[in-house]
Amino acid sequence: MDFSVKKLASDAGVFFSRAVQFTQENLGQAEKTELDAHFENLLTRADNTKNWTEKILRQTEVLLQPSPSARVEEFLYEKLDRKIPSRVTTAELLGQYMTEAANDFGPSTPYGQTLIKVGETQKHLGTAERDFIHSSSINFLTPLRNFLEGDWKTISKERRILQNRRLDLDACKARLKKAKAAEAKAAALPDFQETRPRNYILSASASAAEHELRVAQTEFDRQAEVTRLLLEGISSTHVNHLRCLHEFAEAQATYFAQSYQYMVDLQKQLGSSRAELFPAPVVGNTDPASPPLSTSPPPATLPVLQVASSNPGEVPLNPVEVPPPVSGTRKARVLYDYEAADSKELSLSADELITVYSLPGLDPDWLIGERGNKKGKVPVTYLELLS
């Protein structure tokens, strides 16, 4: 019991000494031991690493899970050391709704068929997103979180210990300075028999202060070295985070590449069904005797190039080799990307403008497109004819 009381009294004395030293330093009434410039740079780099790691971690969590309530729920599951339940992505849920709607409207109807196609694509997108989230959580978020909850806590603990050792060291320096000043003042006075005991006490006090200072300096140097080694380990942390960042970028690139491919496949499916459901308007009329369908003025159409041939019923084998008409060509805007299947076709890029015209005997779903010195057949469903 006596030992506990003494220890408590000793700890209280140390705490009071540190508090006094800290207060006097802030008031400019006490000297403070400064760390070397390299050590200060290590501290600054460690603080910056911690701050930016926290920001990157939080924003990545927002990217992977935009819902705040869902993030709070996942945080609680992690703190309770329980498995996070599987969550359906928004794309998967949309695909499910589209599929159910198609079954309700009729999967054999055009609308139902399209809902099924788009819904399946949404499910694929949701699966790709789920894989991306899972990969990023393991390979990127977990290492960042481990640094903040492991290495950084150790560094912070050792820095607090170093701060206490520095306060003890500066307090010992202040006590030694006072003891030396009192001893020097006493030595300057005349030597009387009555003052010798006091001078002896002052000398002993100065000797004890010197011993305390040596002990405090040793403990401070030892703690400074431990803290320095931990701070220099931040370089290894940067290397580890760099590797994790590469893995995150690769996972994100894979996710976007898969999503793009799914949408390209869907676009091709919708393009073929669109051509069946919404046939393109006739851009040329090879039968002048056909009566108009209505009394309203007919829409502007592309002129048909009359090709001279020895046999009127013969169509050129390669219409692309036929020169374009002198006048009457039309401009068209490309709606979707199109990859040419052979040398007779022209590859297209979305939103570009090309010149188009028709030829006799050419399939009505195709036109001849010309861009610069290149030309070839292009599908009508991929074009928007401009007036």
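Just the heavy atoms: all of them, side chains too, but no hydrogens, waters or symmetry mates, feed the values below.
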Residue set satisfying side-chain hydrogen bond (donor to acceptor under 3.5 Å, both in side chains) with Arg58, at least two apart, ordered chain then number -> none
State, to 0.1 Å, how close Leu386 and Leu353 come at their nearest heavy-atom pair, and which atoms those are. CD1-CD2, 3.7 Å
Counting distance only, does the side-chain N/O of Asn48 pair as donor-acceptor with the main-chain N or O of Thr44 below 3.5 Å? yes
Between Glu370 and Ile354, is there a side-chain heavy-atom distance shorter than 4.5 Å? no
Thr121 and Asp265: side-chain contact (heavy atoms from CB on, under 4.5 Å), yes or no, with the steps? CA-CA 9 Å; Thr121 300; Asp265 295 341; over 6 Å; no
Counting only heavy atoms not in His238, do more than 12 fall under 6.0 Å of its NE2? yes
Given the rule that I, L, V, M, F, W and Y join up when any side-chain heavy atoms are under 4.5 Å apart, are Ile161 and Leu43 in one cluster? no
Nearest heavy-atom contact between Ser358 and Leu367 is CB-CD2, 4.0 Å
When clusters are formed by joining ILVMFWY residues with side-chain heavy atoms under 4.5 Å apart, either directly or through shared neighbours, do Val334 and Leu385 land in the same one? yes
Nearest 0.5 Å, what's the CD-CG distance between Glu34 and Asp170? 9.0 Å
Please test Phe140 against Ile56 for side-chain contact (heavy atoms from CB on, under 4.5 Å), starting from the C-alpha separation and ending with a verdict. CA-CA 10 Å; Phe140 188 61; Ile56 293 174; 3.9 Å; yes
So, are Asp47 and Arg159 salt-bridged, with charged N and O less than 4.0 Å apart? yes
Given the options Arg330, Lys331, Arg333, Glu384 meets salt bridge (charged side-chain N to carboxylate O under 4.0 Å, His left out) only with Arg333
State, with a plain yes or no, whether a side-chain heavy atom of Leu63 is found less than 4.5 Å away from one of Gln252. yes
Sequence neighbours excluded, which residues qualify as side-chain contact (heavy atoms from CB on, under 4.5 Å) partners of Thr53? Thr49, Leu144, Phe147, Leu148, His241
Arg145/Glu61 salt bridge by N-O under 4.0 Å criterion: yes
What residues form a ring pair (Phe, Tyr, Trp, His ring centres under 6.0 Å) with Tyr111, not counting sequence neighbours? Phe105
Could you pull out the closest heavy-atom pair between Glu149 and Lys153, with the gap in Å? O-CD, 3.2 Å
Same apolar cluster (I L V M F W Y, side chains within < 4.5 Å links), Leu141/Ile138: no
Listed partners of His38 passing side-chain contact (heavy atoms from CB on, under 4.5 Å), at least two apart: Asp36, Leu42, Arg228, Glu232
Under 4.5 Å between any side-chain heavy atoms of Tyr255 and Ile133, yes or no? no
To the nearest 0.5 Å, how far apart are CZ in Phe220 and SG in Cys172? 12.5 Å
May I ask you to test the Thr99-Leu115 pair for a side-chain heavy-atom distance under 4.5 Å? no
Between Pro364 and Val380, what is the shortest heavy-atom contact and its length? O-CG2, 3.6 Å
Please answer whether the main-chain N or O of Ser347 pairs with a side-chain N or O of Arg371 as donor and acceptor at a distance below 3.5 Å. yes
Can you sort out the partners of Tyr382 under ring pair (Phe, Tyr, Trp, His ring centres under 6.0 Å), two or more places apart, ordered by chain and number? Tyr336, Tyr338
Pair Glu54-Lys50, salt bridge (Lys or Arg N to Asp or Glu O under 4.0 Å): steps then yes or no: CA-CA 6 Å; Glu54 281 184 336; Lys50 180 255 184 182; 3.4 Å; yes
Rounded to the nearest 0.5 Å, what separates atom CD in Glu250 from atom CG in Leu245? 10.0 Å
Main-chain N/O of Cys244 paired with Asn139 side-chain donor or acceptor, under 3.5 Å: no
Under the side-chain contact (heavy atoms from CB on, under 4.5 Å) criterion, do Arg160 and Gln163 qualify, and how do the steps go? CA-CA 5 Å; Arg160 288 193 297 269; Gln163 175 72 356; 5.5 Å; no
Would you say the side chain of Glu158 lies within less than 4.5 Å of the side chain of Leu162, judging by non-hydrogen atoms? no
Members sharing Leu93's hydrophobic cluster (side chains within less than 4.5 Å): Val88, Tyr97
Leu94 and Met263: same hydrophobic cluster, using ILVMFWY side-chain contacts below 4.5 Å? yes
For the pair Gln59 (side chain) and Lys55 (backbone), establish whether a donor and an acceptor sit closer than 3.5 Å, ignoring hydrogens and angles. no
Quick one, Ile155 and Ile234 - any side-chain contact, counting heavy atoms below 4.5 Å? yes
Answer yes when Arg243 and Glu247 have at least one side-chain N-carboxylate O distance shorter than 4.0 Å, and no when they do not. yes
Val356 vs Leu383, test: side-chain contact (heavy atoms from CB on, under 4.5 Å). Steps then yes/no. CA-CA 10 Å; Val356 295; Leu383 303 174; 4.0 Å; yes
Check whether any side-chain heavy atom of Val118 lies under 4.5 Å from a side-chain heavy atom of Leu266, and answer yes or no. yes
Distance-only polar pair, side chains of Gln122 and Glu92, donor-acceptor under 3.5 Å: no
What is the distance from atom CG of Leu270 to atom CD of Gln113, rounded to the nearest 0.5 Å? 11.5 Å
Close side-chain approach of Arg165 and Leu169, heavy atoms under 4.5 Å: no
Shortest non-hydrogen separation from Gly112 to Ala102 and the atoms involved: O-CB, 3.3 Å
To the nearest 0.5 angstrom, please state how far the CD1 atom of Ile116 sits from the CG atom of Asn103. 6.0 Å
Testing the basics here: between Ala128 and Tyr262, what is the closest heavy-atom pair and its distance to 0.1 Å? CB-CE1, 4.3 Å
Could you check whether Gln96 and Glu100, counting side-chain N and O atoms only, form a donor-acceptor pair closer than 3.5 Å? yes
Interatomic distance, Leu64 atom CG to Glu129 atom CD [nearest 0.5 angstrom]: 9.0 Å
